[in-house]
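Here's the structure we're looking at; comments come further down.
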Amino acid sequence: MAFSNYQYKKNSRNIVFHYPSSMFPSTIAILALFLLLIFLYIISTFLRPNNQTKHPHKRPPGPLGLPIIGHFHLLGKLPHRSLYSLSKKYGPMMSLRLGQIPTIVVSCPEVAKIFLRTLDPKFANRPKVQVSDLIFYGKDMAFGEYSPYWCDMRKLCNKHVLGAPKITMFGPLRRQELALMVKSLQEDAKLGEVVNIGEKVHGLMKEIVYKMIFGRSNDDEFDLKGLVSQALNLVGEFNLADYVPWLGAFDLQGITRRTKEISEALDKALEKIVREHEEEASNAQKEGHHRDFIDILLSLMNQPLEDGQEHGMERENIKAIALDMILGSYDPTIIAIEWAFTELLRNPRVMKKLQHELETTVGMDKMVEEADIPKLNYLHMVVKEILRLRPIGPFIFRESLEDVMVNGYYIKKKTRILVNLWAIGQNPKIWSDNVEEFYPERFLNNDVNINGNDSQLTPFGSGRRKCPGMLIGLITVNLVLAQLVHCFNWELPHGMTPCEVDTSETFGLNLSRSKPLLVVPTCCVLV
Ligand code: HEM
C-alpha cells in the first residue's frame, strides 16, 4: 500500500489516484485560478534565482515539464506503465515535478535498495496529505511524519497488535468467517449460479477486518462502515493544496469543510465504540482478555513508558490507529486474492497443479487449516508470483527528510520518492524474458523472500516504513486462496475461454481489477 493522493471511488472499494486529465473540476473558478497560477509562476520564475546556481549539484535526468502542472500530463491513465516507459529513456532514477512537488521515480532494485534500505532514515517520511490531520487526528502511523511519536506508535503496534501471537488469536475468526463464505458458495454451486468472486471476498473481508478491529461489523446507532469509507474518500480526493500548499488556506474545493463534518461524525462513532469497550472491560473485570484491536490498544493506555519511549498510547491514538488498520488491511488483501484468482483462471495448468498440491497435502475430506499453510510450497510460489506480476500498491511513496546525494545526484529536502514496484517486477534482467507470463515455477530455484530484504521483490515495502501487517496479510491471502481452490472447481461462465478473461487495471493507491471477475463454482471437497 502506498500513501499519497488517492480516492475511494464512490460506491466502490477502490482508491483511485487522480491526475490532471480527470482531476480539475471544470468550473470557472478553477479556470481563473489556473490562469492566476500561470501568471504567478511566470513572475516567480523571473524573480527566482537559478536553482542550479544555488545548488551546484546535478538533478537526476527527466523530461521537460509544463508550468504549474509539471509532469502530471505524462502520467496517463496507468502511471506505473507510463513511468516505466519513460524510465527506459531517462534511466532508473528520473526527475519529475508534480505541481510544485519535486519528485524522483525509481525503477530498478539497485536504486530502490539505496532509498528504502541504505539511506532509509533519510527517506522515511510520507508525503503530506492535508486532510489526513483532520481525519486521523494527526496521530496515525500510515500518513504520519517520521518522528519520535511515529517510532513509539510503530513499536507498540509491532509488539502488541500485529505480532505473531495476535495473528494466532484471530485465527478462529478467520476460520469461522471463511467457513460461512464456503457455505454460501456451496449453495451457489448447487444452483449453478454465476458468482462475482471479488464481491464474495469483499463481504468476507468486511466481516474479518471490522470484527478484528472493533469486535463488530457495524454499529446500531452509526453507519460505521459508511462513515469510514466517506472519510477515506476525502483523504483520497484530489486536493490542490497537496500540490500547491499555499492554496490550502482558501479551501477552494471545500474539502476541508467536508472533512471536518465527516471527521466529527466519525469521531462520535469511534468514541462510542471505545467507551463501550472500556465499560465492558471494567464490568466484566476481564483484564488480560482481549477481544479485538480496540481492547488491545486500550490495555496499552496508562502503561509506564519503556526505555527510550517518549509517547504512550492515548485515546486519540487508538482511534487513529484503528482507522490505519482498516485502510491498510482491507483493500490490499481483497485485491491480491482477486488478481490471484484471475491468473489461476487464465492459467488452468497452474490451477490444476495447485489443486493437486492441496489434494495430496490436505486431503479431499477436509477444509484447509492455517496449520497446513507452511506445507504448501507451490501455493507460496503462486502468491509470490502474483505479487511480482501485479504488485498491489504499484508505487511505494516516501519523502526525503533532508538534502541528500544519491549516486552523484542532488535530492533536496521534501522531494517525493516513488518506487515503481510494477516496473521492477517487469525487468527481464531479473525475471528473464517471460516477465509477462504468470509462471510460479520461476521461484523454484530462486529463494527470493518478500519480507523487504530482497529489493527485486518488495510488495510490502522495505525499511522502517515497511508494512506492519505483512504477516496477517500473507496468512489471509494464502488461506482464502487455498480454501477456494481446494473446496471448488471453477469454470468461466457463458463458454468463455481462459484467454478471454479480462485483465484491465484501475490505477489507484492499489492496482485493482477494472471489471468484476465472474465464475461458476462446483463443489469438490466433501465437508
Ligand atoms: C496483501 C496485503 C498487503 C499488502 C500488499 C500491503 C502493502 C503495503 C505497502 C507496500 C506499504 C508501504 C510500505 C513502505 O512504505 O515501505 C504498507 C504500509 C502499511 N500497511 Fe500494509 N499491506 C498489506 C496488508 C496490510 C494489513 C493486513 C495491515 C494491517 C492489519 C496493513 C497495515 C499497513 C500500515 C498501517 C502501513 C503504514 C506503515 C507506516 O507507514 O509505518 N497492511 N503496506
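Counting convention: from 1, in listed order, for ligands and their atoms alike. Everything numeric here is computed off the predicted structure, so don't read it as measured data.
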Original post:
Are Phe143 and ligand 1 in contact, using a heavy-atom cut-off of under 4.0 Å?
Top reply: no
**OP:** Considering only NZ, NE, NH1 and NH2 on the basic side and carboxylate oxygens on the acidic side, decide whether Asp133 and Lys139 come within less than 4.0 Å.
**Re:** no
Original post:
What pair of heavy atoms forms the shortest contact from Glu385 to Glu437, and how long is it?
Top reply: OE2-O, 3.1 Å
Subject >> Whether over 12 other heavy atoms sit under 6.0 Å from Lys122 NZ >> reply: no
Subject >> Sub-3.5 Å N/O-N/O distance, Asp324 and ligand 1 >> reply: no
Original post:
Under 3.5 Å between some N or O of ligand 1 and some N or O of Arg154?
Top reply: yes
Subject >> Geometric N/O contact Arg464 with ligand 1, under 3.5 angstrom >> reply: no
**OP:** Pick whichever of Tyr146, Phe460, Phe397 has a heavy atom sitting closest to atom 5 (C) of ligand 1.
**Re:** Phe460
Original post:
Does ligand 1 have a heavy atom under 4.0 Å from the side chain of Lys466, from its backbone, from both, or from neither?
Top reply: backbone
Original post:
Between Pro459 and ligand 1, which part of the residue brings a heavy atom under 4.0 Å of the ligand: side chain, backbone, both or neither?
Top reply: backbone
Subject >> Close aromatic pair by centroid cut-off 6.0 Å: His277 and Phe214 >> reply: no
Original post:
Between Pro391 and ligand 1, which part of the residue brings a heavy atom under 4.0 Å of the ligand: side chain, backbone, both or neither?
Top reply: neither
**OP:** May I ask you to check whether Tyr146 and Glu399 show a side-chain donor-acceptor distance below 3.5 Å?
**Re:** no
Subject >> Shortest non-hydrogen contact between Thr458 and Ile396, atoms and distance >> reply: O-CD1, 4.1 Å
